[in-house]
Amino acid sequence: MGIRTGAQYIDGLKSRQPEIWLEGRKVTDIVNEPVLRQPILEIAKLYDMQHDPDQQEKITHVCEETGERVSNAFLVPRKLEDVMARRSLFEAYANATYGLMGRTPDFLNVVVTGMASNSWFLDKYNPEWSVNIQNYYRYIRDNDLFLTHAIINPQNDRSKTSHEQKDTFTHLGAVEETPDGLLVRGAKMLATLAPITDEVIVYSFPGFKPGDERYALAFALPIDTPGLRIICREPMQDGKRSLFDHPLASRFEEMDALLVFNDVLVPWDRVFIHNNVEAANLLYPKTGIAQQPAHQSGVRGLAKLSFAVDVACRLADSIGVDVYLNVQNDLGELIQSVETIRALLRVSEYECEVTPSGEYMPAAAPLETIRGLLPTFYPRAIEVIQIIGAGGLLMSPSGYDFENPELREDMDRYYVGREGVSSIDRVRIFKLAWDLSGEAFGQRALQYERYYTGDPIRKRAIFYNNHKRKNAFPLVDQALHEADRAREAAKAIHSEKEEGIADADTVMQ
């Protein structure tokens with residue numbers, strides 16, 4: 001089939017009936033559910049971009065295996081041009097959503113592509129796992145499917161490993177092997193956009209210990225598989241707010257969910273890892289499923305940060321406070337943070353690492369640096385928006401106020417901005433800023449960026465330990481060695497001088 005349209009994506013949602021729970025009620029009409037309706041339309045727009053003549057060549061390619069046009073997310077990069085082709089896709093989707101939707105279809109399709117292109121890693125454990133992931137990659141590529149993933153355990157007793165929890169199946173684990181497949185039970189989170197996806201893929205971060213064998217799992221299933229329950233978090237908006245008053249929250253609410261597996265049967269051809277702690281711990285480093293998607297998340301993070309900085313600048317300009325030195329300093333700081341991420345992305349791309357199999361991967365160090373900086377840069381941008389907007393962020397009228405003739409004179413007099421900025425333009429900018437920095441939607445986007453790849457402190461510690469393992473810090477030894485040589489040279493010169501003085505004394509005597 002190849003690339004889908006937005007209408008085909010929506011038809012796929014209509015054809016399924018997953019078990020979705022939202023605010024204590026079961027959702028039976030996904031496409032027309034108010035909370036989900038607009039986000040579905042936003043994802044549909046991304047699928048339609050694949051058919052846009054101005055975009056198609058930039059974000060898709062013709063698959064050599066099938067002859068069909070497919071997304072660049074399924075492109076295994078064998079040269080720098082392939083890396084940049086994937087970047088074009090990442091940029092197109094990120095810019096279309098202002099970086100506010102972190103789990104657009106490109107993200108997990110890149111993950112599965114990375115698993116499949118490095119399936120050699122699974123061969124040593126079970127050749128069938130290798131075949132399964134390759135076949136699954138072809139399946140989602142050829143049908144242009146949209147995936148969510150669930151890779152984190154519920155936050156219960158975090159001082160204990162999975163097998164030490166009070167209930168054996170608090171965390172998702174294997175119950176038993178059957179002739180038809182693997183029976184699994186328990187829960188995983190944080191399945192972003194799960195209600196409006198086609199499939200879910202499950203795997204885990206490294207960190208399994210002996211005794212955790214039943215929890216060492218990787219598999220994929222249709223989102224409407226019997227026994228799979230999707231419990232949505234509280235919505236950040238009700239789907240009924242006006243786009244004037246909530247221009248972001250009304251469009252880009254990215255629903256997160258807890259996935260509960262009630263004795264779900266995973267067919268054997270959908271199992272990628274089972275009952276193997278070593279394989280589960282090595283999945284990330286051996287398949288590049290941290291490094292390749294980090295390219296996508298870096299591009300998306302740049303778009304999101306750039307948008308927040310643009311909002312801050314327009315907010316300051318709308319009320320004329322950017323004439324003050326302290327505001328200029330804050331905005332200059334934010335602009336430099338954007339340029340830092342932009343430069344790191346370019347370095348990662350032009351210093352690509354080539355695997356033994358010939359796959360190009362954007363360099364790990366700059367990508368991990370982005371992952372370390374965004375949890376600081378993005379919250380700072382939001383803080384500056386809050387400082388600049390101050391009490392004005394709390395005082396915006398609604399769009400309905402502008403429509404009432406009795407209020408219009410007051411609207412135009414008391415909500416006007418600096419010279420040249422009308423009241424309605426000023427209010428719209430402030431509403432955009434409040435949606436991003438103050439509303440529940442904006443706070444979720446903030447928390448999302450802080451912990452996008454896990455605990456930022458732990459991530460930096462891992463980054464340091466990896467750096468230490470790979471580096472002997474030779475410049476330190478060089479500096480010390482040169483100091484020793486300089487000291488010896490100085491001593492020699494001093495000795496020659498002393499000898500010269502002694503010779504002169506002898507002559508004089």
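- In plain terms, the two heavy atoms of Tyr137 and Val76 that are nearest each other are OH-CG2, 4.4 Å.
- Salt bridge annotation for Lys79-Asp82: present, with a cationic side-chain nitrogen under 4.0 angstrom from a carboxylate oxygen.
- Closest approach of Phe252 and Thr97 over heavy atoms only: CE2-CA, 3.8 Å.
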Determine, stepwise, if the pair Asp212 / His171 fulfils side chain to side chain contact (heavy atoms under 4.5 Å, CB included). CA-CA 10 Å; Asp212 287 334; His171 298 170; over 6 Å; no
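- Exactly one of His246, Glu42, Gln38 qualifies for a side chain to side chain donor-acceptor pair (under 3.5 Å) with Arg251. That residue is Glu42.
- We find that Arg241 and Glu439 are joined by a salt bridge, their nearest charged nitrogen and carboxylate oxygen being less than 4.0 Å apart.
- Here the closest non-hydrogen pair linking Ile370 and Gly298 is CG2-CA, 4.2 Å.
- In this view, Arg380 and Asp330, Glu333, Glu383 satisfy the salt bridge (charged side-chain N to carboxylate O under 4.0 Å, His left out) rule, not counting sequence neighbours.
- A salt bridge links Glu449 with Arg300: the distance from a Lys NZ or Arg NE/NH1/NH2 to an Asp or Glu carboxylate oxygen falls below 4.0 Å.
- With no hydrogens or angles considered, no side-chain donor-acceptor pair links Asp180 and Thr178 at under 3.5 Å.
- Taking each heavy atom of Ile196 and Leu13 in turn, the nearest pair found is O-CD2, 3.5 Å.
- Although no hydrogens or angles enter the test, the distance criterion places a donor-acceptor pair under 3.5 Å between the side chain of Asn132 and the main chain of Val271.
- Although no hydrogens or angles enter the test, the distance criterion places no donor-acceptor pair under 3.5 Å between the side chain of Ser437 and the main chain of Ile382.
- Judged purely by atom type and a 3.5 angstrom limit, Glu353 uses its side chain to pair as donor or acceptor with the backbone of Ala364.
- Remark: Arg342 pairs with Glu339 by the salt bridge (charged side-chain N to carboxylate O under 4.0 Å, His left out) rule, at least two apart or across chains.
- Legend: residues meeting side chain to side chain contact (heavy atoms under 4.5 Å, CB included) with Arg185, ordered by chain and number and at least two apart, are Phe169, Val175, Asp263.
- Residues satisfying the side chain to side chain contact (heavy atoms under 4.5 Å, CB included) test with Val131, not counting sequence neighbours, are Asn135.
- Judged as a ring pair (Phe, Tyr, Trp, His ring centres under 6.0 Å), and not counting sequence neighbours, the contacts of Phe307 are Tyr98.
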Stepwise, does the side chain to side chain contact (heavy atoms under 4.5 Å, CB included) test hold for Tyr378 with Arg450? CA-CA 8 Å; Tyr378 186 77; Arg450 277 197 177 114; over 6 Å; no
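- Arg86 places no side-chain N or O within donor-acceptor distance of the main-chain N or O of Asn72, the cut-off being under 3.5 Å.
- Residue pairs meeting the salt bridge (charged side-chain N to carboxylate O under 4.0 Å, His left out) criterion with at least one member in residues 188-209, sequence neighbours excluded, are Arg4-Asp198, Arg16-Asp198, Glu199-Arg270.
- Using a 4.0 Å cut-off between charged side-chain N and carboxylate O, Arg141 and Glu64 make no salt bridge.
- His295 and Glu349 share a donor-acceptor pair across their side chains, judged by distance under 3.5 Å alone.
- Within the 3.5 Å criterion, the main-chain N or O of Phe74 finds no donor-acceptor partner in the side chain of Asn109.
- Note on Glu33 versus Arg25: salt bridge recorded, some NZ/NE/NH1/NH2 to OD/OE distance being below 4.0 Å.
- Tyr284 and Pro206 make their closest contact through CD1-CD, 3.7 Å (heavy atoms, listed as atom of the first residue, atom of the second, distance).
- The nearest pair of heavy atoms linking Ser130 to Trp120 is OG-N, 4.4 Å.
- For the atom pair Asp29 CG and Asn32 CG, the distance stands at 4.0 Å (nearest 0.5 Å).
- A donor-acceptor pair shorter than 3.5 Å cannot be found between the side chains of Tyr93 and Gln296.
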List the steps and the verdict of side chain to side chain contact (heavy atoms under 4.5 Å, CB included) for Leu108 and Thr197. CA-CA 11 Å; Leu108 280 163; Thr197 56; over 6 Å; no
Apply salt bridge (charged side-chain N to carboxylate O under 4.0 Å, His left out) to residues Asp256 and Arg444 and explain how you reach the verdict. CA-CA 10 Å; Asp256 306 298; Arg444 184 263 178 192; 2.8 Å; yes
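- No more than 12 heavy-atom neighbours from other residues, nucleotides or ligands sit within 6.0 angstrom of CZ on Arg460.
- Under the side chain to side chain donor-acceptor pair (under 3.5 Å) rule, Asp144 has a single partner from Gln50, Arg69, Gln8, which is Gln50.
- Using a distance-only test at 3.5 Å, with no hydrogens or angles considered, no donor-acceptor pair links the side chain of Asp106 to the main chain of Ala73.
- Between Phe107 and His149, the angle of the ring planes goes over 60°, which puts this pair in the perpendicular group of the 30/60° scheme.
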Quick one: do Glu253 and Lys240 satisfy salt bridge (charged side-chain N to carboxylate O under 4.0 Å, His left out)? Show the steps, please. CA-CA 12 Å; Glu253 158 73 309; Lys240 300 174 184 177; over 6 Å; no
Residues Thr5, Asp48; criterion side-chain hydrogen bond (donor to acceptor under 3.5 Å, both in side chains); working and verdict: CA-CA 5 Å; Thr5 63; Asp48 282 338; 4.7 Å; no
Go through it in stages, so that I can follow the logic: the residues are Tyr125 and Leu282, the test is side chain to side chain contact (heavy atoms under 4.5 Å, CB included), and I'd like the CA-CA distance, side-chain angles, deciding distance and then a yes or no. CA-CA 11 Å; Tyr125 301 103; Leu282 291 176; 3.4 Å; yes
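- Formation of a donor-acceptor pair under 3.5 Å by the Gln291 side chain with backbone atoms of Pro362 is found in this model.
- Within a 6.0 Å sphere centred on CD of Gln17, heavy atoms belonging to other residues, nucleotides or ligands number more than 12.
- A donor-acceptor pair is defined here as one N or O able to donate and one able to accept, closer than 3.5 Å; such a pair exists between the side chain of Lys304 and the backbone of Ala445.
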